[in-house]
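Below you'll find the structure, written out as structure tokens, and then a few comments.
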Amino acid sequence: MAYTTSAQDNTTLQKHFEAYYQQMRTQGDINGVINAMTHLNILSPSEERKDTLAYLYLNNNQHLQALNTIGFETNASDSDMAVNIKALSLKSLNQPKRALEQFEILFSRQPTAYIAYELADLKIQTGDNEGASVDIDYGISNATDEMKHAFYERQQPYEVSLKAAFYHLKGLVQYNMNKDNIDMAIATIDEALAIDPGFNLASLSKQALETRKNEEGQEK
């Protein structure tokens with residue numbers, strides 16, 4: 001009898017939090033949605049609910065909470081959603097090496113130009129310029145004119161052509177691998193600016209390289 005009562009209580013609670021979850025979604029209350037999903041995952045745990053809860057944290061820029069929900073470790077059995085959450089959260093928490101592992105898994109499952117960009121960017125950060133070059137070549141070959149990438153170094157975020165973003169990275173890699181040939185790196189960044197003249201970060205990189213070139217010229 002006690003077991004039956006307990007099962008009924010759990011069913012009632014689950015129905016309550018399912019209704020609460022839907023109501024919080026209707027109201028746009030993200031904290032309420034997270035609260036409801038947390039209760040649902042306790043009452044009836046599943047990988048799908050756990051992934052959904054972590055995704056909610058990710059979308060709310062609560063990256064540590066997202067990782068605490070699904071774990072930090074690399075797991076071959078993780079869903080694509082879980083791997084993506086880990087990759088983005090680790091990147092946001094300035095853990096490039098660990099984020100790189102997750103993006104590698106995503107790319108092995110379904111390679112795209114978008115993931116190739118993340119790989120190239122993270123490999124540059126971790127000093128793997130040769131590895132970044134491979135991803136950049138893939139990205140330039142597979143990025144379409146419709147694909148965009150967002151940048152946030154300005155107060156107002158903006159988007160540029162993904163292909164232009166790859167050319168910017170290519171210029172940085174060329175400089176990193178051969179600092180004696182700044183002109184080649186500048187020419188490659190010019191290709192990025194030719195595609196997307198409003199690419200602010202590429203303009204800043206070009207200015208920095210030109211300043212470096214002028215300083216070296218004065219030293220000689």
Once rounded to the nearest 0.5 Å, what's the spacing between atom [atom1] of [X] and atom [atom2] of [Y]?
| X | Y | atom1 | atom2 | result |
| --- | --- | --- | --- | --- |
| Tyr175 | Ile124 | OH | CD1 | 14.0 Å |
| Gln65 | Leu56 | CD | CG | 12.5 Å |
| Leu40 | His16 | CG | NE2 | 9.5 Å |
| Asn200 | Arg154 | CG | CZ | 4.0 Å |
| Tyr117 | Leu122 | OH | CG | 10.0 Å |
| Asn75 | Ile70 | CG | CD1 | 10.0 Å |

Partners meeting ring-ring contact (aromatic ring centres under 6.0 Å, His included) with Phe199 (sequence neighbours left out):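 So Phe199 forms a ring-ring contact (aromatic ring centres under 6.0 Å, His included) with Phe151, His168.
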Cation over ring face, Arg109 and Phe107, 6.0 Å, 45°: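 Negative - Arg109 is either too far from the ring of Phe107 or too far off its axis.
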Lys170 to Phe166, cation-pi by 6.0 Å centre distance and 45° axis angle: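 Ring-cation test returns no.
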Within 6.0 angstrom of Glu130 CD, more than 12 heavy atoms from elsewhere: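 Count not over threshold, so no.
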Exceeds 12 heavy-atom contacts within 6.0 angstrom, atom CD of Gln110: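 Incorrect, the count does not exceed 12.
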Between the side chains of [X] and [Y], is a donor N or O closer than 3.5 angstrom to an acceptor N or O?
| X | Y | result |
| --- | --- | --- |
| Gln14 | Glu18 | yes |
| Asp51 | Ser79 | yes |
| Asp128 | Thr126 | no |
| Gln62 | Asn60 | yes |
| Asn181 | Gln174 | no |

Contact list for residues 81-92, test salt bridge (charged side-chain N to carboxylate O under 4.0 Å, His left out), sequence neighbours left out: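 Sorted result for residues 81-92: Asp78-Lys86, Lys91-Glu118.
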Would you say [X] and [Y] are hydrophobically clustered, going by side-chain heavy atoms of ILVMFWY under 4.5 Å?
| X | Y | answer |
| --- | --- | --- |
| Phe72 | Tyr55 | no |
| Leu162 | Ile195 | yes |
| Phe103 | Leu90 | no |
| Tyr114 | Leu58 | no |
| Leu88 | Ile115 | yes |

Over all heavy atoms of both residues, which pair between [X] and [Y] is shortest? Give the atoms and the distance, please.
| X | Y | value |
| --- | --- | --- |
| Ser133 | Met177 | OG-SD, 4.1 Å |
| Ile189 | Gly171 | CG1-CA, 4.1 Å |
| Asp135 | Ala116 | CB-O, 3.6 Å |
| Ala36 | Phe17 | CB-O, 3.9 Å |
| Leu172 | Ser205 | CD2-OG, 4.1 Å |
| Ala120 | Ala132 | O-CB, 3.7 Å |

Contacts of Thr26 that satisfy side-chain contact (heavy atoms from CB on, under 4.5 Å) - sequence neighbours left out: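 Listed in chain order: nothing, the list is empty.
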For a quick test of your reading: what N or O donor-acceptor pairs under 3.5 Å do the side chains of residues 95-102 make, sequence neighbours left out?
from	atom 1	to	atom 2	distance (Å)
Glu101	OE1	Thr74	OG1	3.1
Gln102	NE2	Thr74	OG1	3.2

Lys213/Asp183 ion pair, N-O < 4.0 Å: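 Yes, charged N to carboxylate O under 4.0 Å.
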Side-chain ion pair, Lys50 and Glu47, N-O less than 4.0 Å: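 So Lys50 pairs with Glu47 through a salt bridge.
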Let me have the donor-acceptor pairs involving side chains of residues 137-145, under 3.5 Å, with sequence neighbours excluded, atom names and distances please.
from	atom 1	to	atom 2	distance (Å)
Ser141	OG	Asp137	O	3.0
Asn142	ND2	Tyr138	O	2.8
Thr144	OG1	Glu146	OE1	3.3

Derivation and outcome, side-chain contact (heavy atoms from CB on, under 4.5 Å), residues His63 and Tyr57: CA-CA 6 Å; His63 302 292; Tyr57 277 127; over 6 Å; no
Backbone of Ser44 reached by a side-chain donor or acceptor of Arg49 within 3.5 Å: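 Yes: the side chain of Arg49 pairs with the backbone of Ser44.
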Test item: Leu93 and Leu67 side chains (from C-beta on) under 4.5 Å apart, heavy atoms: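 Yes - at least one pair of side-chain heavy atoms lies under 4.5 Å apart.
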Working for side-chain contact (heavy atoms from CB on, under 4.5 Å), residues Tyr20 and Arg25: CA-CA 9 Å; Tyr20 180 65; Arg25 286 188 62 185; over 6 Å; no
Inter- and intrachain pairs under ring pair (Phe, Tyr, Trp, His ring centres under 6.0 Å), touching residues 73-97, at least two apart: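 Residue pairs with at least one partner in residues 73-97: there are none.
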